[in-house]
Amino acid sequence: MYQIVFREDLTPNIHHFKIEAPAVARKAQAGQFVIVMADESGERIPLTVADWDREAGTVSVVFMEAGKTTQKLATLKKGDSLAAFAGPLGQPTEIENFGTVVCVAGGFAIATIVPIARALKEAGNRVISIMGFRSRNLVFWEKRLRGVSHELIVTTDDGSYGRKGLVTEPLRELLQTHKEVQRVIAIGPTVMMKFCSQTTVPFGVKTIVSLNPIMIDGSGMCGGCRVEVKGETRFTCVDGPDFDGHLVDWDLLLARQRTYQEEERKALELWQHQCRLTAEVGRNA
Ligand code: FAD
Ligand code: FES
Ligand code: MG
């Protein structure tokens, strides 16, 4: 069992857990992920390693409530344990001294980009980061990302904080004014990564994205995480999750992510119904 030694709510539906998992903490590198089970009977879901402390033997994950399993995770408290926390899995993000790198992240992926930006800065790069949110009340880890970047631009869709608009606008401007940018790393919702990749195409700047197809075993056995990159089938869990965004078949990925939407909706409804019943029994006891 993997104990939750720290829990904080970063926004109403984004949570940070620090998990006691010494074997994962020893080997984790930026860009890798773990497969988590909230309890013995639950499904397996992938979460990116957001941070680690090799001495303390702890690993941080940050997750957004999306459906049944992430809502179930959100009910856990400090001192509770996860049934599985397997990893680190996947290929680490390629870190070299590229020169100037732009790191773009949206929503929960801010936590994913922080260790990547940190590793790029430590490798001697000039790191310019862009973080995007829907609104001010969803902003988190701004100080952390600022601390590992030379420059930080914050955007909100509604303009309630930072610059109004999508992350692709400052990204395009940066590429127009900073011809020295060698690489863009964009992580977040699939649509955001798709549009960031489209934005960088005319500038010919290599753009790395972290793909998030449905995963089951996370070890290359089930084929659930198949994606098409440069017309070839790749398994995200072992070949990725990082790929060249200019070569990804985005529409196929978006379609495959929706495969089980009906089942996911029913599972969530049933779980929420069970939660309501349990609360009612508690009140009447
Ligand atoms: P559901 O209602 O079951 O699903 C909601 C949507 O999430 C689905 O439509 C589907 O697109 C996606 N999803 C469902 N099951 C899976 C699955 N087994 N694997 C992947 N996607 C799934 N989310 C975070 O909040 N933080 C992270 O750090 C993070 N890292 C990820 C790293 C990788 C490599 C991948 C592939 C995904 C990552 N995700 C992360 C997404 C996260 O795994 C899904 O949000 C989660 O599985 C949803 O489960 P659910 O039961 O709560 O929601
Ligand atoms: Fe099964 Fe990748 S999750 S092959
Ligand atoms: Mg689910």
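Numbering of ligands and ligand atoms starts at 1, following listing order.
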Salt-bridge criterion met for [X] and [Y] (N-O under 4.0 Å):
X    : Y    : result
K266 : E263 : no
E94  : R183 : yes
E280 : R276 : no

At less than 4.0 angstrom from any non-hydrogen atom of [X], what atoms of ligand 1 do you find?
X    : result
N212 : 35 (C), 36 (C), 37 (C)
R44  : 18 (N)
G67  : 1 (P), 2 (O), 50 (P), 52 (O), 53 (O)
F63  : 24 (C), 25 (O), 26 (N)
M215 : 17 (C), 18 (N), 19 (N), 20 (C), 34 (C), 36 (C)

Below 4.0 angstrom from a heavy atom of [X], which ligand 2 atoms are there? Numbered from 1 as shown, please.
X    : value
C237 : 2 (Fe), 3 (S), 4 (S)
I216 : 3 (S)
C225 : 2 (Fe), 3 (S), 4 (S)
G220 : 4 (S)

Nearest-neighbour protein heavy atom for [atom], which is reported as residue plus atom name and distance:
atom                    : result
atom 49 (O) of ligand 1 : I45 CG2, 4.0 Å
atom 10 (C) of ligand 1 : Q257 O, 3.6 Å
atom 42 (C) of ligand 1 : P46 O, 3.7 Å
atom 5 (C) of ligand 1  : E264 OE1, 4.0 Å
atom 20 (C) of ligand 1 : P213 O, 3.2 Å
atom 4 (S) of ligand 2  : G223 N, 3.1 Å

May I ask you to check if R118 and W52 form a cation-pi contact, with NZ or CZ under 6.0 angstrom from the six-membered ring centre and within 45° of the axis? yes

Any protein heavy atom lying closer than 4.0 Å to [atom]?
atom                    : result
atom 7 (O) of ligand 1  : no
atom 35 (C) of ligand 1 : yes
atom 44 (C) of ligand 1 : no

Atom 1 (Fe) of ligand 2 - name of the N/O/S atom of D217 that sits closest to it: OD1

Full working for side-chain contact (heavy atoms from CB on, under 4.5 Å) between S129 and V127: CA-CA 6 Å; S129 297; V127 178; 3.7 Å; yes

Which bit of E65 is near ligand 1, meaning a heavy atom under 4.0 Å away: side chain, backbone, both or neither? neither

[X] versus [Y], closest heavy-atom pair with distance:
X    : Y    : answer
V209 : S197 : CG1-OG, 3.7 Å
C237 : S219 : SG-N, 3.6 Å
W141 : E8   : NE1-OE2, 4.3 Å

Please state which part of M221 comes within less than 4.0 Å of ligand 2, counting heavy atoms only: side chain, backbone, both or neither. backbone

Have a look at [options] and point out the one with the heavy atom closest to [atom].
atom                    : options          : answer
atom 27 (C) of ligand 1 : Y260, F108, W271 : F108
atom 26 (N) of ligand 1 : I214, V62, L253  : V62
atom 52 (O) of ligand 1 : T48, I187, T70   : T70

Quick check: does any side chain N or O of Q29 sit under 3.5 Å from a backbone N or O of P88, one acting as donor and the other as acceptor? no

Does [atom1] in [X] sit with more than 12 non-hydrogen atoms of other residues, nucleotides or ligands closer than 6.0 Å?
X    : atom1 : answer
K206 : NZ    : no
Y260 : OH    : no
R134 : CZ    : no

Within 2.8 Å of atom 2 (Fe) of ligand 2, is there any N, O or S atom belonging to C222? no

Within E43, is some N, O or S atom less than 2.8 Å away from the Mg ion (ligand 3)? yes

Contact check, side chains of P213 and R226, non-hydrogen atoms, under 4.5 Å: no

Can a donor-acceptor pair be found between the side chains of E169 and T155 at a distance below 3.5 Å? no

